[in-house]
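Here the structure is a predicted model, which means the values were calculated and not measured. Only this structure's heavy atoms are used, side chains among them; waters, hydrogens and symmetry mates stay out. Naming: A, B, ... by sequence-line order, numbering from 1 per chain.
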Protein chains: 2
Amino acid sequence: MNDLTIGALAKSAGVGVETVRYYQRRGLLSPNGAHKGAFRVYGNDELARLRFIRRAQSLGFSLDEVADLLALDEETDRERARAFAQSKIADVESRIRQLTEMRSALQGLVSCCEHTEAPAPCPILHALANSPEPPPAPQGKARTRSARQAP
Amino acid sequence: MNDLTIGALAKSAGVGVETVRYYQRRGLLSPNGAHKGAFRVYGNDELARLRFIRRAQSLGFSLDEVADLLALDEETDRERARAFAQSKIADVESRIRQLTEMRSALQGLVSCCEHTEAPAPCPILHALANSPEPPPAPQGKARTRSARQAP
DNA sequence: GTTGACTCCGTACTCGGGTACGGGGTCTAG
DNA sequence: CTAGACCCCGTACCCGAGTACGGAGTCAAC
């Protein structure tokens with residue numbers, strides 16, 4: 001049974017110590033368990049759980065959703081898990097559609113810009129200033145952070 | 001010259017009053033201008049500017065980027081505007097790629113689930129618990145708020 | 001002349017997923 | 001036995017784009 005300190009656990013899962021502690025605060029990992037001396041030690045089960053969290057996250061599940069996933073039972077909750085995944089697919093697809101629309105609007109502006117002659121006002125800025133389109137909905141950014149650790 | 005109060009301006013652009021004031025604080029709209037009595041009045045130029053902001057935002061530009069766009073000159077900054085739009089396209093495309101990967105991973109899980117017989121443990125939860133994949137990078141959500149106003 | 005809707009201004013809070021900091025305690029190698 | 005690395009715990013802060021709230025002033029209509 002390999003006993004990991006929080007630092008070793010974090011490193012094995014590719015996250016920071018603070019992140020582990022944050023997951024504990026959120027209730028995704030249990031904060032009380034075996035101690036060796038004054039320090040808590042973590043086993044393979046907890047490492048697996050931590051990796052589960054990261055995998056689910058990388059598939060687009062929020063930490064709240066990950067908590068729900070963790071509460072499912074591998075034996076009896078197949079239906080629920082599948083429904084969950086399917087609704088997440090729908091979710092992802094709608095975000096893809098939105099982005100695709102944004103891209104084509106932007107491409108429209110750029111190609112318009114490329115086809116107008118030099119001494120004309122910028123068609124992109126002009127379109128932004130005067131476009132007849134209704135201003136629909138802005139959207140947040142999907143920032144992608146990568147590797148943590150090792151400063 | 002139609003003079004709008006802040007509330008009328010906001011409504012014409014489909015945003016909330018607080019949003020207008022927020023843009024003023026961010027320097028996207030000027031906070032000092034004509035007054036009629038004790039209240040500030042806004043003209044068509046300011047309405048146009050506000051709509052510009054929303055349109056750019058809906059194309060994926062952050063408010064900081066919108067500020068840069070607003071600083072461009074329609075006559076002399078065509079190059080810059082086009083480069084800006086092009087880099088935003090690249091941006092959007094990379095988000096699309098990410099989401100597409102997420103979708104196919106999810107679809108893999110679901111179809112695997114559909115092809116295994118009933119009395120087996122849930123393949124989705126199982127995969128999340130044991131997948132060999134390296135846990136790469138999670139990603140933030142592109143939440144899409146829509147119309148504001150009208151509570 | 002008062003009611004109700006609106007404006008002004010400032011500060012503080014929201015959400016999500018962490019990161020940073022600081023003062024202590026502890027563990028281990030040299 | 002001491003230095004340096006690590007742990008514990010709590011609190012506060014970051015980002016982006018707003019939203020909420022509260023007190024005070026003001027305006028238009030009835």
Is there any salt bridge (Lys or Arg N to Asp or Glu O under 4.0 Å) pair reaching into residues 23-45 of chain A, and which pairs are they, with sequence neighbours excluded?
A:Arg26-A:Asp64, A:Arg40-A:Glu46
D:dA17 OP1/OP2 closer than 4.0 Å to side-chain N/O of B:Arg21:
no
Pairs touching residues 73-96 of chain A that satisfy ring pair (Phe, Tyr, Trp, His ring centres under 6.0 Å), sequence neighbours left out:
A:Phe61-A:Phe84
Under 4.0 angstrom between B:Arg54 side-chain N/O and D:dA17 OP1 or OP2:
no
Could you list the residues that satisfy side chain to side chain donor-acceptor pair (under 3.5 Å) with B:Gln24, not counting sequence neighbours?
B:Tyr42
Taking only the side-chain nitrogens and oxygens of B:Thr5, find out if one of them lies under 4.0 Å from OP1 or OP2 of C:dT7.
yes
Round to the nearest Å and state the distance from A:Gln57 atom CD to C:dG18 atom C1'.
10 Å
Donor-acceptor pair, distance only, cut-off 3.5 Å: does the side chain of A:Thr100 make one with the backbone of A:Ile96?
yes
With nearest nucleotides of DNA chain D determined for A:Arg25 and A:Arg40 from heavy-atom distances, which residue corresponds to the more 5′ nucleotide?
A:Arg40
Determine which pairs satisfy ring pair (Phe, Tyr, Trp, His ring centres under 6.0 Å) with at least one residue from residues 90-123 of chain B, sequence neighbours left out, and list them in order.
none
Summarise how protein sits on nucleotides 22-30 of chain D as a single string, 5' to 3': B when a protein heavy atom is under 4.0 Å from the base, S for sugar-phosphate-only contact, - for no contact.
---BSS---
On DNA chain C, more 5' by nearest nucleotide between B:Pro31 and A:Tyr23 is B:Pro31
OP1 or OP2 of C:dT19 sitting under 4.0 Å from any side-chain N/O of A:Thr19?
yes
Starting at CG of B:Leu63 and ending at C1' of D:dC15, how long is that distance when rounded to a whole Å?
13 Å
Test of understanding: with side chain to side chain donor-acceptor pair (under 3.5 Å), list the residues that count as partners of A:Arg78, not counting sequence neighbours.
B:Thr116
Please give, in whole Å, the distance from D:dC8 C1' to A:His35 NE2?
10 Å
Count the heavy atoms of every other residue, nucleotide or ligand shown that sit under 6.0 Å from CD of B:Glu79, and state whether that count exceeds 12.
no
Can you tell me how far P of D:dC6 sits from OH of A:Tyr42, to the nearest Å?
16 Å
Rounded to whole Å, please give me the gap between CD in B:Glu65 and C1' in D:dG16.
12 Å
Considering just the side-chain nitrogens and oxygens of B:Tyr22, establish if one lies under 4.0 Å of OP1 or OP2 belonging to D:dG16.
no
OP1 or OP2 of D:dC8 less than 4.0 angstrom from a side-chain nitrogen or oxygen of A:Gln24, does that happen here?
no
